[in-house]
Protein chains: 2
Amino acid sequence: MQRGNRHNVAPPTEALVGLLESSPILAELGTAELSALASLAVTENQYPADVIIIDQGERIRSVHLVLSGWGCVYRDLANGKRQIIDFPMRCDFVGLRTADGYSYNTIASITPMSLFEIPLPSLERAIRQAPKLSFMLIEMLSRQRSMLIEHLTNVGCRSAFVRTAHLLLELSDRVRACGSGDPDSFYCPLTQYQLADALGLTPIHLNRMLRELREEGLVMFKSYKVEILDRDRLISIAEYDGEFMRMSVFGKDE
Amino acid sequence: MQRGNRHNVAPPTEALVGLLESSPILAELGTAELSALASLAVTENQYPADVIIIDQGERIRSVHLVLSGWGCVYRDLANGKRQIIDFPMRCDFVGLRTADGYSYNTIASITPMSLFEIPLPSLERAIRQAPKLSFMLIEMLSRQRSMLIEHLTNVGCRSAFVRTAHLLLELSDRVRACGSGDPDSFYCPLTQYQLADALGLTPIHLNRMLRELREEGLVMFKSYKVEILDRDRLISIAEYDGEFMRMSVFGKDE
DNA sequence: CGCCACTTTGAGTTTTATCAAAGATCGTGG
DNA sequence: CCACGATCTTTGATAAAACTCAAAGTGGCG
């Protein structure tokens, strides 16, 4: 995979505000927050499919917010394996760094992607200006944390079959949250290698799990399309509870 | 395990500031931050060993900061298994909640523990008063996130043997960061069941891995004490890199 | 049409889990 | 101080799950 040559587009504060408001996290943007956001040095970058956006070990000075497209965040290991951490989509932010400023994982595009890039110093200024913005970042990190916990639980405690079912349900929920049409039949541009790397399985074994799921009349994964055939049974087999996607620190007390 | 009956101690702002300053994250506390911290409605609670501090599904209105003792955070599954997410220790904070205010995982003590409890509304006020405090919370969440990524990678990509080695090295680093003496020989009050639940292994298999590690002259885990016999070889076998513990969002640019 | 990447299948092996039960260890009460 | 129970550790034998290697099938694209 080659290094991503991006294409830069005009700065779009308005689009950023729209994106944040459509996010699954609770965002209450008042005047102070809006004006702080307007002062952000945000750029929109477009990347083709299958390029590396941020490489493991690379210097990082920005966070990125996904506007469109599918990507993946992973860690490469010396033993040749890799763990896919997440498939970020619209409204997800990516770009963490070690204390000395380097990325600990790789972020790559799968389809063409469009990302907002926000330099860290600019974000820091905006938060000082409108402290409420920090709650958004906290909510986002917190949501990512709970999704990671669910991912870890999935890999650590569930059989390959159940694990696969669980991931497909999670993807369905996330695609739906991004506003794409029918959650029971959605576009999913992942290869079986990528699914396997996310689930800690070999592609061969994942393939057999997909076949079982198909033969059981539960889900079909074919030509980059997921079709959920029996969602109720699938949810019950996978012990799936989408609640973890809506986690937060300072949530509303109903 | 019974519900934790805690014992409440006099409010200790000073101790809280000390704790934050000794934290592995970068904390620069100026006058504004100190006075905001002083206004926090923080209490210190003490729990005996082996009690549940926050139960899965329980209402949460506070975050907790560990002052002393060993605990564990885990998720229980319907299939009877559980995934241990973390063994929080001094300076770590615990207590996340779903958007509607309930805990998604259980937090239990292993040894007697002492925790600072900070009500969320109070924390929110303090952050508004001193926005810089939000960076501390962000750094802490970010650090937890990277530790989770490493944990997921460990369970997803590494063999039982290597995985076990990696966890013991991580614990060694964390214990050292808490200021406890010799990192090559430290107290570790975990049972093999708990280690197994953290690693996604059965206790029987974990036991065999520990035996192998011992027979190879790498580590000994005996009577709740870890002795690292050959750290260099262990690090190389486990592909261990402690860098993930020092991750942050707004780190210093060296 | 042919190449390339991805998917699918088969056969055999390794890793890990399961079941069963015997040692340790530690705290507690007699 | 010893005996007892409870919990934790260790071992053995067997079974199941997942991996490896090898190779054939599929589909899209230049």
Side-chain angles (χ1 to χ4, degrees), chain A residues 1-2 48-50 70 72 77 79-84 108 110-111 154-165 167-168 187-215 219-227, chain B residues 1-2 48-51 70 72 77 79-84 108 110-112 154-165 167-168 187-215 219-227:
Chain A
M1 198 186 301
Q2 46 180 315
D50 289 314
W70 285 64
C72 81
L77 265 66
N79 66 12
K81 301 193 174 163
R82 70 166 178 172
Q83 177 66 46
I84 291 185
I110 291 174
T111 64
N154 208 23
V155 173
C157 291
R158 296 199 252 251
S159 70
F161 182 75
V162 171
R163 219 185 290 183
T164 307
L167 177 58
L168 293 176
Y187 170 65
C188 172
L190 307 176
T191 66
Q192 295 186 10
Y193 279 81
Q194 289 164 334
L195 286 173
D197 282 347
L199 291 171
L201 299 172
T202 56
I204 292 102
H205 198 58
L206 176 91
N207 180 273
R208 295 191 225 270
M209 297 303 108
L210 288 176
R211 175 173 45 163
E212 268 191 56
L213 285 166
R214 191 190 328 128
E215 285 170 356
V219 217
M220 275 179 68
F221 180 87
K222 185 106 186 143
S223 321
Y224 305 109
K225 212 173 116 186
V226 175
E227 292 209 57
Chain B
M1 198 185 302
Q2 46 181 315
D50 290 314
V51 294
W70 285 65
C72 82
L77 266 66
N79 67 12
K81 301 192 174 165
R82 70 165 179 173
Q83 177 65 47
I84 291 185
I110 290 174
T111 64
N154 207 22
V155 173
C157 291
R158 297 199 252 251
S159 70
F161 182 75
V162 171
R163 219 185 288 183
T164 307
L167 177 58
L168 293 176
Y187 170 65
C188 173
L190 307 176
T191 67
Q192 295 186 12
Y193 279 83
Q194 289 164 334
L195 286 174
D197 281 349
L199 291 171
L201 299 172
T202 56
I204 291 103
H205 198 59
L206 176 90
N207 180 274
R208 296 191 223 270
M209 296 303 106
L210 288 176
R211 174 173 46 161
E212 268 191 56
L213 285 166
R214 190 189 330 129
E215 286 170 357
V219 217
M220 275 180 68
F221 180 88
K222 185 101 185 147
S223 322
Y224 305 110
K225 211 173 119 187
V226 175
E227 292 208 59

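To find a chain, count down the sequence lines: A is the first, B the second, and so on, and within it residues start at 1. Nothing here was measured: the structure is a model prediction, and the numbers come from that model.
The minimum heavy-atom distance linking A:Q83 with A:A198 is given by the pair NE2-O, 3.0 Å. Annotation for B:A196 and B:T202: closest pair CB-C, 3.7 Å, computed over non-hydrogen atoms. The shortest non-hydrogen separation linking B:I110 to B:P189 is CG2-O, 3.5 Å. Nearest heavy atom pair, residue A:N154 against residue A:L167, reads ND2-N, 4.2 Å.
The CZ-P distance, from B:F221 to D:dC8, rounds to 11 Å in whole Å. Look at NZ on B:K225: it is 16 Å from P on D:dT9, rounded to the nearest Å. The CG atom of B:L210 sits 9 Å away from the P atom of D:dT9 (whole-angstrom rounding). Atom CZ in B:R214 sits roughly 11 Å away from atom P in D:dT9 (whole-Å rounding). Rounding to whole angstrom units, CG of residue A:L199 and C1' of D:dA17 are separated by 15 Å. For the pair A:R158 CZ and D:dA16 C1', the computed distance is 20 Å after rounding to whole Å.
We find the CZ-CG distance between A:R163 and A:L206 to be 10.0 Å, quoted to the nearest 0.5 Å. The SG atom of A:C157 lies 5.5 Å from the CG atom of B:L77; values are rounded to the nearest 0.5 Å.
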Protein and nucleotides 20-23 of chain D: nitrogen or oxygen contacts under 3.5 angstrom:
{"residue": "D:dT20", "atom": "O4", "partner": "A:R208", "partner atom": "NH2", "Å": "3.4"}

**Request:** Output, in order, the C-alpha distance, side-chain angles, deciding distance and verdict of side-chain contact (heavy atoms from CB on, under 4.5 Å) for B:Y187 and B:T111.
**Result:** CA-CA 11 Å; B:Y187 170 65; B:T111 64; 3.7 Å; yes

**Request:** Carefully, step by step, assess B:L195 and B:F221 under the rule side-chain contact (heavy atoms from CB on, under 4.5 Å).
**Result:** CA-CA 11 Å; B:L195 286 174; B:F221 180 88; 3.8 Å; yes

**Request:** Report the C-alpha separation of A:V162 and B:N79 in whole Å, then their side-chain angles, then the decisive distance to 0.1 Å, and conclude whether the side-chain contact (heavy atoms from CB on, under 4.5 Å) test is met.
**Result:** CA-CA 11 Å; A:V162 171; B:N79 67 12; over 6 Å; no

**Request:** Run the numbers on A:L210 and A:L168 for side-chain contact (heavy atoms from CB on, under 4.5 Å), then give the verdict.
**Result:** CA-CA 10 Å; A:L210 288 176; A:L168 293 176; 4.2 Å; yes

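Mapped onto DNA chain D by nearest heavy atom, A:F161 and B:T191 fall at different nucleotides, with B:T191 at the one closer to the 5' end.
Taking the C1' atoms of five terminal pairs at each end of the helix from C:dC1-D:dG30 to C:dG30-D:dC1, the two resulting helix axes are inclined by 30°, rounded to 10°.
The environment of CZ in A:F161 is crowded: more than 12 heavy-atom neighbours from other residues, nucleotides or ligands sit within 6.0 Å.
For A:R158, the salt bridge (Lys or Arg N to Asp or Glu O under 4.0 Å) criterion is met by A:E150, A:E239, not counting sequence neighbours.
B:L201 comes within 4.0 angstrom of the backbone, heavy atoms only, and of no base. As judged by a 4.0 angstrom heavy-atom cut-off over every strand, A:Y224 is placed among residues touching the sugar-phosphate backbone only.
Of the possible donor and acceptor atoms, none in the side chain of B:E227 sits under 3.5 Å from a partner among the backbone N and O of B:V219.
Here salt bridge (charged side-chain N to carboxylate O under 4.0 Å, His left out) pairs that include residues 191-213 of chain A, with residues two or more places apart or in two chains, are A:R82-A:D197.
Extent of DNA chain C lying under 4.0 Å from chain A heavy atoms, first and last nucleotide in 5' to 3' order, is C:dC6 to C:dA11.
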**Request:** Any chance you could list the contact pattern along nucleotides 25-30 of chain D? Use B for base contacts, S for sugar-phosphate-only contacts and - for none, protein heavy atoms under 4.0 Å, 5' to 3'.
**Result:** ------

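Here B:N207 does not reach the OP1 or OP2 of D:dT9: none of its side-chain N or O atoms lies under 4.0 Å away.
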